[in-house]
**Q** 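Handing you a structure now.
Quick caveat, the model's predicted, so the values are computed rather than measured.
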Amino acid sequence: MHSLPIFVRLQGRSVILIGNGEAATAKRRLLERAGAIVCDEDEEARIAIVAIENDQAAHDAIARLKARGILVNAVDRPDHCDFTLPAIIDRDPVLIAIGTGGASAGLAKSLRQRFESILPQSIGQLAINVAAARDRIKARWPDPADRRRAVDAAFDPSGTLDPFGANTGVDTWLQQPDTAHATGLHILTIRSDDADDLTLRQARLLGQADHIFHHPDIGPALLSRARADASRTLARTCPKGQVDGLTLFLDKA
């Protein structure tokens, strides 16, 4: 992973924008849409965007800003960028960012346009409804692990809150009896180092597992499909004894 994607709240914050022309206009529009206060170079700010066509002038501006400890995005100059601006799918409050590390803005835009066509407009309202029910969800599942499993199951394909399915609503979900969640020890035999070759079941279990024991030959590309907070343990043989929650042993075929 070449960069860590983050979402920065710019509402009421100053952002330096240097340059003119179409690129600068587009960046100004994006910043104002996020609620930022667009300012000149001589003002105080934490981040800046340089949209200058002339190479020497752009490099000079970048050097001045970085000397002040300001994080810089340099339009069409990825090697000089401290951060990049992704293509954005906006289903407020749901935001989906697509970045290529500056390799190809055109590719990011193409992906955004394709995803736009398949993502329901209702996703934003679904997020709002779930947020409004946060206290009720915590009351229903006080244990964080139980709550995470219940939420995962609700958003699963054909789940009550499936964003691509019927989505019968938060109230209906909270009134339903608990369903059984995958627990115990599951052994997955991995036959390829390519994460795209995972079966649907394997990918689902990886995304839900609490603990992962994996053979030394299992590569990072496969392990990256697991939850970030799932524990990972190097193991040549399947673990013995009692396990908590959903535990996977990834073996190599």
Side-chain angles (χ1 to χ4, degrees), residues 1-7 78 83-84 86-89 94-119 123 127 141 143-159 161-165 179-253:
M1 189 165 67
H2 58 77
S3 302
L4 177 65
I6 62 173
F7 291 92
F83 68 95
T84 56
I88 299 170
I89 300 174
V94 176
L95 295 176
I96 299 174
I98 304 169
T100 63
S104 175
L107 174 59
K109 181 177 74 172
S110 176
L111 292 172
R112 176 186 63 78
Q113 291 172 339
R114 295 193 186 190
F115 291 143
E116 282 274 17
S117 66
I118 63 175
L119 287 171
I123 287 180
W141 296 283
D143 180 75
D146 290 341
R147 186 164 59 248
R148 177 184 54 75
R149 294 188 190 101
V151 171
D152 286 349
F155 285 124
D156 272 348
S158 75
L161 300 181
D162 178 6
F164 294 94
T179 56
H181 306 302
T183 57
L185 174 64
H186 296 254
I187 301 175
L188 304 185
T189 302
I190 305 300
R191 303 185 182 280
S192 167
D193 291 326
D194 188 345
D196 289 338
D197 289 337
L198 292 169
T199 66
L200 290 176
R201 176 177 179 273
Q202 288 173 333
R204 177 175 55 80
L205 289 173
L206 263 175
Q208 296 176 347
D210 301 291
H211 313 283
I212 297 173
F213 293 82
H214 63 93
H215 191 277
D217 290 341
I218 300 296
L222 291 170
L223 293 174
S224 68
R225 294 297 181 94
R227 285 170 34 217
D229 60 345
S231 67
R232 294 164 171 78
T233 304
L234 194 64
R236 292 184 177 275
T237 59
C238 186
K240 306 295 183 183
Q242 184 69 29
V243 294
D244 296 324
L246 175 60
T247 299
L248 305 182
F249 174 61
L250 307 185
D251 200 7
K252 199 67 180 288

**Q** Heavy-atom distance under 4.5 Å between the side chains of Ile190 and Gln202, does that happen here?
**A** yes
**Q** Please name the pair of heavy atoms, one in Gly99 and one in Pro86, separated by the smallest distance, quoted to 0.1 Å.
**A** N-CB, 4.2 Å
**Q** Output the distance between atom CG (Leu206) and atom CG (Leu188), rounded to the nearest 0.5 Å.
**A** 6.5 Å
**Q** Where is the tightest heavy-atom contact between Ala195 and Ala221, given as atom of each residue plus distance?
**A** CB-O, 3.8 Å
**Q** Mind checking side chain to side chain donor-acceptor pair (under 3.5 Å) for Asp217 and listing every partner two or more places apart, or none if nothing turns up?
**A** none
**Q** Between Ala108 and Ile98, what is the shortest heavy-atom contact and its length?
**A** CB-O, 3.7 Å
**Q** Test your reading of the model: is there a side-chain donor-acceptor pair from Arg112 to the backbone of Ile89, 3.5 Å cut-off?
**A** no
**Q** Could you tell me which residues satisfy side chain to side chain contact (heavy atoms under 4.5 Å, CB included) with Ser192, sequence neighbours excluded, listed by chain and number?
**A** Asp194, Asp197
**Q** Taking NZ, NE, NH1 and NH2 as the nitrogens, is one of them in Arg149 or Asp146 under 4.0 Å from a carboxylate oxygen of the other?
**A** yes
**Q** Would you mind reporting whether Phe164 and Leu119 have side-chain heavy atoms less than 4.5 Å apart?
**A** yes
**Q** What pairs with Ser110 under side chain to side chain contact (heavy atoms under 4.5 Å, CB included), at least two apart in sequence or on another chain?
**A** Arg114
**Q** Among residues at least two apart in sequence or on other chains, which ones pass side chain to side chain donor-acceptor pair (under 3.5 Å) with Lys109?
**A** none
**Q** Can you tell me how far apart CZ (Phe115) and CD1 (Ile96) are? Round to the nearest 0.5 Å.
**A** 8.0 Å
**Q** When rounded to the nearest 0.5 angstrom, what is the spacing between CD1 in Ile212 and CZ in Phe249?
**A** 12.5 Å
**Q** Working to the nearest 0.5 angstrom, can you tell me the gap between Ile218 CD1 and Asp193 CG?
**A** 7.5 Å
**Q** State, yes or no, whether a side-chain contact exists between Pro78 and Thr84 at a heavy-atom distance under 4.5 Å.
**A** no
**Q** Residues two or more places apart in sequence or in another chain: which of them pass side chain to side chain donor-acceptor pair (under 3.5 Å) with Gln113?
**A** none
**Q** Not counting sequence neighbours, list each pair that qualifies as a side-chain hydrogen bond (donor to acceptor under 3.5 Å, both in side chains) and has a residue in residues 219-235.
**A** Asp196-Arg225, Asp210-Arg227, His211-Ser231, Arg227-Asp229
**Q** Closest approach of Leu185 and Cys238, non-hydrogen atoms and distance?
**A** CD2-SG, 3.4 Å
**Q** State the CG-CG distance between Leu200 and Leu205, to the nearest 0.5 angstrom.
**A** 11.0 Å
**Q** Which heavy atom in His215 sits nearest to a heavy atom in Arg236, and how many Å separate them?
**A** CD2-O, 4.1 Å
**Q** Restricting to side chain to side chain donor-acceptor pair (under 3.5 Å), what partner residues turn up for Asp162, sequence neighbours left out?
**A** none
**Q** What heavy-atom pair brings Thr100 and Ser104 nearest, and what distance separates the two atoms?
**A** OG1-N, 3.0 Å
**Q** Please name all residues satisfying side chain to side chain contact (heavy atoms under 4.5 Å, CB included) with Ser117, sequence neighbours left out, ordered by chain then number.
**A** none
**Q** Restricting to side chain to side chain contact (heavy atoms under 4.5 Å, CB included), what partner residues turn up for Ala253, sequence neighbours left out?
**A** Thr189, Arg191
**Q** If I take atom CG from residue Asp156 and atom CD from residue Gln208, how far apart are they, to the nearest 0.5 angstrom?
**A** 5.0 Å
